[in-house]
2 protein chains.
Amino acid sequence: MHTKDKILAEAMELFAQFGYKGASVRKIAAKVGIRESAIYNHFTNKEEIFQSVASTIFTTPFSDTKESAMLSERAKGGKKFLSSFIVQYKLVTFDKKKEHLFRIMMIELLQNKRLRESFMSEYHEKNSKLISQAFFIMMQEDLIRSGDPMVMANEFLAPLFYLRLQVTLLRIDEHSTAALSTQFEKHVDFFWESIAL
Amino acid sequence: MHTKDKILAEAMELFAQFGYKGASVRKIAAKVGIRESAIYNHFTNKEEIFQSVASTIFTTPFSDTKESAMLSERAKGGKKFLSSFIVQYKLVTFDKKKEHLFRIMMIELLQNKRLRESFMSEYHEKNSKLISQAFFIMMQEDLIRSGDPMVMANEFLAPLFYLRLQVTLLRIDEHSTAALSTQFEKHVDFFWESIAL
DNA sequence: AGCTGATATTAACAACTGTTCATATATAGT
DNA sequence: ACTATATATGAACAGTTGTTAATATCAGCT
């Protein structure tokens, strides 16, 4: 099964670089060091390779149930909770493998219906719900001003997504992301000042 | 020149649907109603067709100098200014042609270096600078709390971008965008409450 | 040693790609 | 009516694509 894993790893890199169409079966095989026909001993399709790679895209921070169970406790930390979320988000943003998966997502998002649906349910809604629950708790604890927790969650998450996209774009061309790196913290500071009581 | 315009129009639709690689010269020619070889009487390259389409992508609201000159006056309107910006942004988001161009941008952003550079300079920086200038003026007028105008601008713009992306994704699958449509106004309301004195 | 199953290779296929060429058609100016 | 120009066609090119078939290699099991 060593070969199968290598196929997936090299396919991931090529999909991230050239997209689904641009990453040909021959290119993948060449990077693995085998002929293209040998690929079909491990996967029935090019599509199956892609699905296998794409299925690992949506693994969000705080996704496991243990962390979710502790949410109500953690949310009472107020700004501390948001800061720790940002730390997680930053780690994901600058992780090389996750970065490749994010690139694949971005490239195929407008071309692949399944990916769009996963993005909406696994990424957007999952994060929105989690963060909005945290804000709801913070409101009950009178840590923050009242308002629609869902709106608040989107206001908190959208700048993170936009930052991640910018980081990804800069890194493709090997530009420095130092200036952007500090903006994550600036975002929490600004946001907390916006909602804190 | 009627044919040339039709080529550009049909190419735009196909690029928005299938991306650069997926939109073949033959597909474009077929939609126009001519053979693929006839295309080359109007353009030397497939690349030239794409560049011709792509060059029209970055036409931002408030881009003309007349409006910019009035900025300091308009910014003094405070929330009114932000609301009018949102109206413009919403119009652009739901405009069919602009939507197609936005899709092309999103698809090719991670594949095309020129597009990335244009996105950064023509879209991101241009909007950031304009809005941050407005916030700077509002600070001087004591309409809003003090802070880094650039950070504020990004916090204001990022949710708009994220909303636009969501709208675009939903419309590809012909889902309703009614719920999202109202979020533009909710964003201004939330944001103004966050910064108003 | 011989068999079996997994995995590799070589070769080929039909379809599609961007582009070019020689040639035809149609339009407009003299 | 004749000519020049712009635009169309049909056919062909060389290269790439995903996939398949027949065959070879190599491991472990009996």
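Quick note on labels: first sequence line is chain A, next is B, and so on, each numbered from 1. Everything quoted here is computed from the prediction, not taken from an experiment.
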B:F191 six-ring face occupied by B:K186 cation (under 6.0 Å, within 45°):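 Negative - B:K186 is either too far from the ring of B:F191 or too far off its axis.
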
With B:R114 as the cation and B:Y20 as the aromatic partner, state whether NZ or CZ is under 6.0 Å from the six-membered ring centre and within 45° of the axis.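 No, B:R114 and B:Y20 do not form such a contact.
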
Residue [X], side-chain heavy atoms: nucleotide from [options] that is nearest:
X     : options               : answer
A:E36 : D:dT19, D:dA8, D:dA12 : D:dT19
B:H42 : D:dA11, C:dT9, D:dA8  : D:dA8
B:T3  : C:dC21, D:dA8, C:dT9  : D:dA8
A:A38 : C:dA8, D:dT19, D:dT9  : C:dA8
B:Y40 : C:dT20, C:dT9, C:dT17 : C:dT20
A:R26 : C:dA8, C:dT17, C:dA12 : C:dA12

[N], OP1 or OP2 - any side-chain N/O from [X] closer than 4.0 Å?
X     : N      : result
A:S24 : D:dT17 : yes
B:R35 : D:dG10 : yes
B:N45 : C:dG18 : no

I need the [atom1]-[atom2] distance between [X] and [N], as an integer number of Å.
X     : N      : atom1 : atom2 : value
B:N41 : C:dT27 : CG    : P     : 16 Å
B:I39 : C:dT19 : CD1   : P     : 11 Å
A:L14 : D:dG18 : CG    : C1'   : 16 Å
B:I28 : C:dT17 : CD1   : P     : 11 Å
A:I7  : C:dA8  : CD1   : C1'   : 11 Å

Looking just at side-chain N and O atoms, do A:E13 and A:Q17 make a donor-acceptor pair shorter than 3.5 Å?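 There is no such pair (donor and acceptor under 3.5 Å, judged by atom type) between the side chains of A:E13 and A:Q17.
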
Centre-to-centre under 6.0 Å for B:Y162 and A:Y162, is that the case here?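 No - the distance between ring centres of B:Y162 and A:Y162 does not fall below the 6.0 Å cut-off.
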
A:K46 (side chain) donor-acceptor with A:A23 (main chain) under 3.5 angstrom: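 Pair found, side chain donor or acceptor close to backbone of A:A23.
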
